[in-house]
Amino acid sequence: MTDTLTISSRPRAFRPATTEPTMVKWALIAFCLAVLTVLLFAPLFAVFDEALRRGWAFAVASLSEPDAQAAIRLTLLVAAITVPLNAVFGIAAAWAITKFDWRGKAWVITLIDLPFSVSPVVAGLLFVLMFGANSALGAWLVANGFPVVFAVPGIVLATLFITFPFVARELIPVMLEQGRAEEEAALTLGASGWRTFLTVTLPNIRWALLYGVLLCNARAMGEFGAVAVVSGKIRGQTTTMPLMIEMFYNEYLSVAAFTMAGLLALLAFVTLTLKTALEWRYADQLAATYRH
Amino acid sequence: MNIEIEEISKDFGTTAALHPVSLSIPSGTLVALLGPSGSGKTTLLRILGGLEFPTAGRVLFDGADATNLSVQDRRAGFVFQSYALFRHMTVFDNIAYGLRARPRKSRPQTAEIARRVTKLLELIKLPDIGARYPSQLSGGQRQRVALARALAIEPRMMLLDEPFGALDAKVRRELRQGLRDIHDTTGLTSIFVTHDQEEAMELADLVVVMSMGRIEQVGKPEDIRARPKTEFVREFISA
């Protein structure tokens with residue numbers, strides 16, 4: 001057998017074909033930093049600056065107002081309901097799409113993207129049309145003491161719809177790339193379907209799942225359009241944090257508006273920090289999962 | 001364990017992957033399913049392993065009908081083409097997987113599992129790699145770990161799908177002997193799929209030449225070489 005070709009005779013001073021000259025490198029880095037500063041850092045700084053314009057005490061006081069408190073609680077409640085549900089739905093959809101062959105699969109993949117392509121306002125109107133008092137179903141629900149539109153269930157439904165694609169879209173490419181062989185191996189070794197899912201499938205997709213859940217959570221807490229339509233924006237009852245921010249802003253309560261906005265941004269920071277911490281903690285396993 | 005395949009056929013939609021095929025495999029034989037891609041050899045192997053179910057026909061293990069036996073209950077040691085090692089588990093956990101998946105009453109104690117895994121690592125001549133992850137192994141090491149993992153469940157037979165397919169020619173030849181040794185040590189009926197006629201002829205006791213979903217010839221390597229039954233077999237083994 002011939003030996004593998006050695007390329008060690010190449011002079012060291014040559015730079016690899018994929019590396020740019022130093023000047024290009026620094027120019028690109030500077031450009032990226034400039035764009036990030038203008039589009040991301042500066043606005044974020046402005047939000048916190050405005051929130052704290054009249055001091056910490058004032059900002060905190062604006063958040064402890066009952067309406068603001070209700071909005072924070074509602075947003076956390078909606079996220080707490082929709083994120084786990086969409087994690088389960090997303091896994092189920094990705095599983096069905098990647099592990100089985102069936103007719104109409106291509107259609108379902110397209111449908112999963114629907115919430116991304118439909119304007120959130122249209123999605124909100126859709127739910128108003130279906131569950132509003134003018135529809136037979138909506139009238140019946142109201143008569144039986146379970147109003148959907150202009151109430152919390154409607155907000156949950158709209159948020160579920162809007163955030164559905166996040167988990168599934170993160171999982172599908174990963175699961176397609178990993179194929180079915182490991183699951184089949186587990187089955188031949190005597191594991192039940194459920195055990196296979198818990199010990200083989202889930203660990204293999206956990207990072208994609210985590211990203212999907214984080215994105216889903218960020219959107220669930222931040223969704224404005226669809227929720228604005230179905231909620232009716234009843235102060236203290238169906239007003240979520242993003243809706244509350246708009247109300248404060250329209251009432252010229254800019255410190256309250258920006259404090260609430262800052263809090264929403266902070267929640268996003270917490271999830272990002274969590275993600276980074278987990279990545280750092282499990283770096284070796286992450287590498288083992290993807291380097292295969 | 002002896003294996004009887006009676007008039008097994010398999011359709012995928014409108015295309016027939018296997019026309020009715022019959023084959024009888026005596027206990028302890030090392031069998032090669034030899035054929036080009038699309039000949040139905042992998043489909044037949046997967047039917048034996050319980051990963052596919054035949055459209056018609058029967059499979060008998062030691063005379064008992066196993067056609068509808070679930071994949072878990074077949075206790076077939078299956079080695080996959082690219083090994084399908086669990087990438088998030090260490091080599092030790094990979095090999096222990098089948099033992100830990102057993103129902104509680106037949107599951108060995110932790111210490112007993114460790115002892116068996118250690119023994120298997122010795123059998124594949126890689127005693128020190130238990131703590132590594134599959135991504136840290138060479139192709140040949142992965143293949144042997146896959147063998148050990150399949151052997152751990154105390155299988156009734158070994159089924160290997162292109163066990164040397166992902167390896168370079170040198171490692172391939174080394175591991176061929178390794179597989180022969182393990183087969184002779186365990187005495188298990190073993191069936192492997194290959195498209196490499198040299199590999200089949202050198203390694204197997206019994207060679208089954210397949211083409212287009214049909215069995216062309218069954219026989220000892222020297223008989224097939226001396227008396228090819230069809231034009232296809234003559235051409236394929238001289239390639």
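For the numbers below, each heavy atom of this structure counts, side chains included, while hydrogens, waters and symmetry mates do not. What you see is a predicted model; the values in this text were computed from it and never measured. Each chain gets a letter, A, B and so on, in the order its sequence line appears, and its residues count up from 1.
- Taking B:Tyr83, B:Phe78, B:Phe80 one by one and counting their heavy-atom pairs under 4.5 Å with chain A, the maximum is reached by B:Phe80.
- More than 12 heavy atoms of other residues, nucleotides or ligands shown are found within 6.0 angstrom of NZ on A:Lys105.
- In this structure, B:Arg75 places its CZ atom where more than 12 heavy-atom neighbours from other residues, nucleotides or ligands lie under 6.0 Å away.
- The neighbour count for A:Trp102 CH2, taken as heavy atoms of other residues, nucleotides or ligands under 6.0 Å away, is above 12.
- Annotation: the span from A:Asn204 atom CG to B:His88 atom NE2 amounts to 5.5 Å, rounded to 0.5 Å.
- Contacts between residues 33-42 of chain B and chain A, defined by a heavy-atom separation under 4.5 Å, are made by no residue at all.
- Contacts with chain A (heavy atom to heavy atom, under 4.5 Å) involve these residues of residues 50-62 of chain B, listed by number: B:Leu51.
- Residues of residues 143-161 of chain B having a heavy atom under 4.5 Å from any heavy atom of chain A, listed by number: B:Arg149, B:Ala150, B:Ile153.
- Contact annotation: the side chain of B:Phe86 approaches that of A:Leu189 to within less than 4.5 Å [non-hydrogen atoms, C-beta and beyond].
- Put simply, CD on A:Glu184 and CZ on B:Arg46 are 4.0 Å apart, with the number rounded to the nearest 0.5 Å.
- Within residues 93-114 of chain B, the residues having any heavy atom closer than 4.5 Å to a heavy atom of chain A are B:Tyr97, B:Gly98, B:Arg100, B:Ala101, listed by residue number.
- Within the 3.5 Å criterion, the main-chain N or O of A:Ala191 finds a donor-acceptor partner in the side chain of B:Gln72.
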